[in-house]
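Before any comments, here is the structure.
Given the structure is predicted, the values throughout are model-derived calculations rather than measurements.
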Amino acid sequence: VYEGDTSPVADTGLTSDVEVFYAIYSITAGNEYSTPIIVSATPNRIIVSEEDFEGTPTWLNQSVNGTDPGWDTSGGDADISGFGETTSENHYLVSPAFDFSTATGVEFDFEYSERFNGPDLKILYSTDYSGSGDPEANGTWTEIPFTFADTSTDFNFSAITAGNVALPAALEGVPSAYLAFQYTTD
């Protein structure tokens, strides 16, 4: 990683939760090596924001159209259903603004479960959303590719599944960006 006499040295580009090993030793002018000191480190990920939907959630329901009230965030999670609806529904669950001005390699982790067939959720981002109101009238949204495991076709919920999405490099250096889950019905 490094040869020289400068201290400290930053080892960048490491993967969270993966242990790395270093050998530290000195070299004489005649290329004689001392016995190395072996050390290891496991970098941790930095959590920028966490939402458990307890109390007052920071992710907010924003409806574009439909008669259903949209996302319910009152029970310790975020639920939405189009069951029994006779009109098309379009609802967003929008994050607070995130500051990615100094961030690189950002990941978005979440858990989800589903039941019945229907259109999958979409994960979106916006760098120009106003922060309130109809997301489609007040911002431009770009989909972040993600395939939701669609394992339930009946009344039973699927197992809780962990989702992990690497956010696009286009968000690196952006001082204000929003993430959203979009729910639509046929």
Open item on the list: Could you check whether any side-chain heavy atom of Ile123 comes within less than 4.5 Å of a side-chain heavy atom of Glu143, counting everything from C-beta outward?
Closed with: no
- [ ] Indicate, with yes or no, if the rings of Phe100 and Tyr125 have centres closer together than 6.0 Å.
- [x] no
Open item on the list: Do Thr140 and Asp128 pair up side chain to side chain, a donor and an acceptor below 3.5 Å, judged on atom types alone?
Closed with: yes
TODO: Mind listing the closest non-hydrogen atom pair of Val94 and Tyr129 along with its distance?
DONE: CG1-CE2, 3.8 Å
- [ ] Find out whether Trp71 and Trp59 are in side-chain contact, i.e. whether some heavy atom of one side chain is under 4.5 Å from a heavy atom of the other.
- [x] no
Open item on the list: Taking side chain to side chain contact (heavy atoms under 4.5 Å, CB included) as the definition, give me every residue that meets it alongside Thr35, ordered by chain and number, with sequence neighbours left out.
Closed with: none
Open item on the list: I'd like to know if Leu171 and Val165 are part of one continuous hydrophobic network [Ile/Leu/Val/Met/Phe/Trp/Tyr, side-chain heavy atoms within less than 4.5 Å].
Closed with: yes
Open item on the list: Using the rule that Ile, Leu, Val, Met, Phe, Trp and Tyr join whenever any side-chain heavy atoms are under 4.5 Å apart, tell me whether Phe110 and Phe98 fall into a single cluster.
Closed with: yes
Task: NE2-CG distance between His91 and Leu121, expressed to the nearest 0.5 angstrom - done: 12.0 Å
Task: Exercise: do Asn90 and Gln182 side chains pair donor with acceptor under 3.5 Å - done: yes
Open item on the list: Can you see whether Ser34 engages Ser26 through a side-chain donor-acceptor pair at a distance of less than 3.5 angstrom?
Closed with: yes
- [ ] Return yes if some donor-acceptor pair links the side-chain N/O of Asp72 with the main-chain N/O of Ile80 below 3.5 Å, else return no.
- [x] no
Open item on the list: What I'd like to find out is whether the side chain of Leu124 reaches to under 4.5 Å of the side chain of Ile144, using heavy atoms alone.
Closed with: no
Contacts under 3.5 angstrom, residues 172-180 side chains, donor-acceptor by atom type, not counting sequence neighbours:
from: Glu172; atom 1: OE2; to: Gly105; atom 2: N; distance (Å): 3.1

Task: Minimal non-hydrogen separation, Ala78 against Leu93, with atom names - done: CB-CD2, 3.6 Å
Task: Heavy-atom pair of closest approach, residues Leu167 and Phe108 - done: CD2-CB, 3.9 Å
Task: Note, Asp134 side chain near Gln62 side chain (heavy atom, < 4.5 Å) - done: no
TODO: Please answer: with hydrophobic residues joined when any side-chain heavy atoms are less than 4.5 Å apart, are Tyr22 and Ile37 in the same cluster?
DONE: yes
Task: Side-chain heavy-atom pair Val64, Tyr92 within 4.5 angstrom cut-off - done: yes
Task: Atom CD1 of Ile38 with >12 non-hydrogen neighbours under 6.0 angstrom - done: yes
TODO: Identify the heavy atoms of Gly66 and Glu89 that sit nearest to each other, and give their distance.
DONE: CA-OE1, 3.3 Å
Open item on the list: For the backbone of Thr58 and the side chain of Glu51, can you confirm whether one donor and one acceptor N or O come within less than 3.5 Å of each other?
Closed with: yes
Task: Note, Ser40 side chain near Val20 side chain (heavy atom, < 4.5 Å) - done: no
TODO: Indicate yes or no: at least one non-hydrogen side-chain atom of Asp79 is less than 4.5 angstrom from one of Ser81.
DONE: no
Open item on the list: Less than 6.0 angstrom separating the ring centers of Tyr183 and Phe181, yes or no?
Closed with: no
Task: Which atom of Asn65 lies closest to which atom of Ser88, heavy atoms considered - done: ND2-O, 3.1 Å
Task: Spacing of Asp68 atom CG and Thr185 atom OG1 [to the nearest 0.5 Å] - done: 8.5 Å
TODO: State, to 0.1 Å, how close Gly55 and Pro57 come at their nearest heavy-atom pair, and which atoms those are.
DONE: O-CD, 3.2 Å
